[in-house]
Amino acid sequence: YEGVETIIIQIETNGNSIHTITVDCDGVDSGGWNVSDFAGDYDAVEDYGPGNTYGPYTVTFVQNEENPNRFDFDNFYDSGRDAYLIFDLTAGTVSFPDQTPLPDTTPNLLSGSSGTFDLCEKTLTVSLNYDGGDWVYRFTKQ
């Protein structure tokens with residue numbers, strides 16, 4: 001994706017008048033959004049409770065072959081465990097479906113998540129309930 005571009009136009013009728021137009025990324029090119037653009041390495045940061053932050057650590061999103069809107073990664077919670085996200089490009093959302101990424105501990109249910117993505121900034125922000133607590137995960141593409 002391209003960064004912000006500036007176009008300067010000078011109109012010389014009725015004196016010199018200079019106009020500046022700033023073109024910002026809207027995440028859409030002539031071919032539209034491509035969900036495969038989400039594949040790759042991300043810095044993950046977790047916010048939990050007032051003033052508690054953990055990270056960054058690296059996760060790698062791998063597009064699922066059977067469901068292209070699903071991205072698997074193997075370092076949930078910086079634990080080396082598997083989890084996955086679902087992207088809905090039409091709604092502009094990303095979420096963790098209910099899952100248990102750490103099956104050897106209890107209750108360990110990841111649920112109630114909702115989030116957004118910004119293709120221009122290459123970031124994802126997902127709020128979720130995990131193991132009985134409220135978290136915010138922030139992913140920034142490397």
Item checked: Closest contact, heavy atoms only, Asn75 versus Gly80 -> OD1-N, 2.9 Å

Item checked: Flag for Gln142-Thr58: side-chain donor and acceptor within less than 3.5 Å -> yes

Check: Looking at Phe117 and Gly92, what are the two nearest heavy atoms and their distance?
Finding: CE2-C, 3.4 Å

Note to self: Evaluate Phe87 against Leu124 for side-chain contact (heavy atoms from CB on, under 4.5 Å), listing each step before the verdict.
What the structure shows: CA-CA 10 Å; Phe87 288 84; Leu124 318 170; 3.6 Å; yes

Margin query: Please enumerate all residues that pass side chain to side chain donor-acceptor pair (under 3.5 Å) together with Gln63, with sequence neighbours excluded.
Written below: none

Checklist line | 4.5 Å side-chain heavy-atom contact, Tyr137 and Leu128 | finding: yes

Notebook entry, point to check: Side-chain contact, heavy-atom cut-off 4.5 Å: Thr125 with Val136?
Noted result: yes

Notebook entry, point to check: So which residues get pulled into Tyr84's cluster when ILVMFWY side chains under 4.5 Å apart are joined, directly or through others?
Noted result: Ile86

Item checked: Any donor-acceptor N/O pair, Asp47 side chain to Gly51 backbone, under 3.5 Å -> no

Notebook entry, point to check: Any idea which heavy atoms bring Pro68 and Val35 closest together, and the distance?
Noted result: O-CG1, 3.5 Å

Checklist line | Which residues share a salt bridge (charged side-chain N to carboxylate O under 4.0 Å, His left out) with Asp72, sequence neighbours left out | finding: Arg70

Notebook entry, point to check: Is Lys141 reaching over with its side chain to a backbone N or O of Asp37, donor-acceptor style, under 3.5 angstrom?
Noted result: yes

Notebook entry, point to check: Counting N and O atoms only, with roles assigned by atom type, does the side chain of Ser95 sit under 3.5 Å from a partner on the main chain of Ser114, one being a donor and the other an acceptor?
Noted result: no

Check: Are the aromatic ring centres of Tyr77 and Trp135 under 6.0 angstrom apart?
Finding: yes

Checklist line | Side chains of Asp78 and Tyr54, donor plus acceptor under 3.5 Å | finding: yes

Next item on the list: Show the numbers, then the answer: is there a side-chain contact (heavy atoms from CB on, under 4.5 Å) between Val45 and Thr53?
Entry: CA-CA 7 Å; Val45 175; Thr53 298; 3.3 Å; yes

Next item on the list: Provide the closest heavy-atom pair for Thr60 versus Phe73 in the form atom of the first, atom of the second, distance.
Entry: O-CB, 3.2 Å

Item checked: Closest non-hydrogen atom pair between Ser113 and Val126, with its separation -> CB-CG1, 4.0 Å

Note to self: With a 4.5 Å cut-off on side-chain heavy atoms, are Tyr42 and Phe71 touching?
What the structure shows: no

Notebook entry, point to check: Shortest non-hydrogen contact from Glu46 to Tyr57?
Noted result: OE2-OH, 2.5 Å

